[in-house]
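Sequential numbering from 1 along the given sequence is applied to the chain's residues.
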Amino acid sequence: MTGVPAGEWNGWLIAFGVLLVCGLAPALLAACRGTPPARLAGLSLSGTLVTVLLLVASRGFGRAAYGDLALVLAVLGPVGVLVFARFLGGAAAPGRSRPDAAEEG
């Protein structure tokens, strides 16, 4: 089994801890408070930070699986933000009317 021996810290793990406390905490706070657009920005930022955290953890712990998970999150994270943005904006799909819109006629 590869990885960091118990109790041994390296620069990658120190960077992981600093990013976790100083980066992810404010992003999660922004995702939980404020107006809906501000919360969406916090969600987008936290997804990006989790991707970076997983890449740093992959190097720090010597586990390639964390890096694979980070790459998957890098692809799927922005897609999730776009889905939430669409619901937040209330836009209907092309050729369809919004169900809450008053029908004319």
Side-chain angles (χ1 to χ4, degrees):
M1 187 160 135
T2 62
V4 175
E8 186 177 321
W9 283 80
N10 57 30
W12 293 106
L13 293 178
I14 293 170
F16 177 81
V18 169
L19 277 173
L20 186 66
V21 173
C22 297
L24 194 59
L28 289 177
L29 185 66
C32 294
R33 300 179 70 195
T35 62
R39 285 185 280 176
L40 186 62
L43 175 68
S44 177
L45 179 62
S46 61
T48 302
L49 283 172
V50 168
T51 301
V52 171
L53 281 170
L54 284 170
L55 285 172
V56 170
S58 170
R59 295 289 300 191
F61 291 121
R63 310 245 179 199
Y66 297 159
D68 296 342
L69 183 60
L71 293 176
V72 170
L73 182 61
V75 171
L76 294 180
V79 174
V81 171
L82 289 175
V83 168
F84 279 116
R86 179 167 179 119
F87 286 132
L88 185 63
R96 300 174 113 191
S97 64
R98 289 176 42 190
D100 61 344
E103 294 188 24
E104 297 180 30

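In this structure, CG on L49 lies 8.5 Å from CG on L28, to the nearest 0.5 angstrom. A distance of 8.5 Å separates CG in L24 from CG in L45, rounded to the nearest 0.5 Å. Between T48 atom OG1 and L73 atom CG the span is 8.5 Å, to the nearest 0.5 Å. If you take CG on L55 and CH2 on W12, they are separated by 9.0 Å, rounding to the nearest 0.5 Å.
Taking hydrophobic clusters as Ile, Leu, Val, Met, Phe, Trp and Tyr residues chained together by side-chain heavy-atom distances below 4.5 Å, V81 shares a cluster with F84. No single ILVMFWY cluster, assembled from side-chain heavy atoms under 4.5 Å apart, contains both L19 and Y66.
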Intermediate values then yes/no, side-chain contact (heavy atoms from CB on, under 4.5 Å), L13 and F61:
CA-CA 8 Å; L13 293 178; F61 291 121; 3.6 Å; yes
Given side-chain contact (heavy atoms from CB on, under 4.5 Å), test V72 with D68 step by step and report yes or no. CA-CA 6 Å; V72 170; D68 296 342; 5.8 Å; no
- Task: Mind running side-chain contact (heavy atoms from CB on, under 4.5 Å) on V79 and V75 for me, showing each step along the way?
- Result: CA-CA 7 Å; V79 174; V75 171; 5.7 Å; no
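S58 contributes no side-chain N or O that, together with a main-chain N or O of L54, makes up a donor-acceptor pair within less than 3.5 Å.
Pairing each heavy atom of G42 with each of A31, the nearest pair is C-CB, 3.8 Å. In this structure, R39 and R33 approach most closely via the heavy-atom pair CG-O, 3.3 Å.
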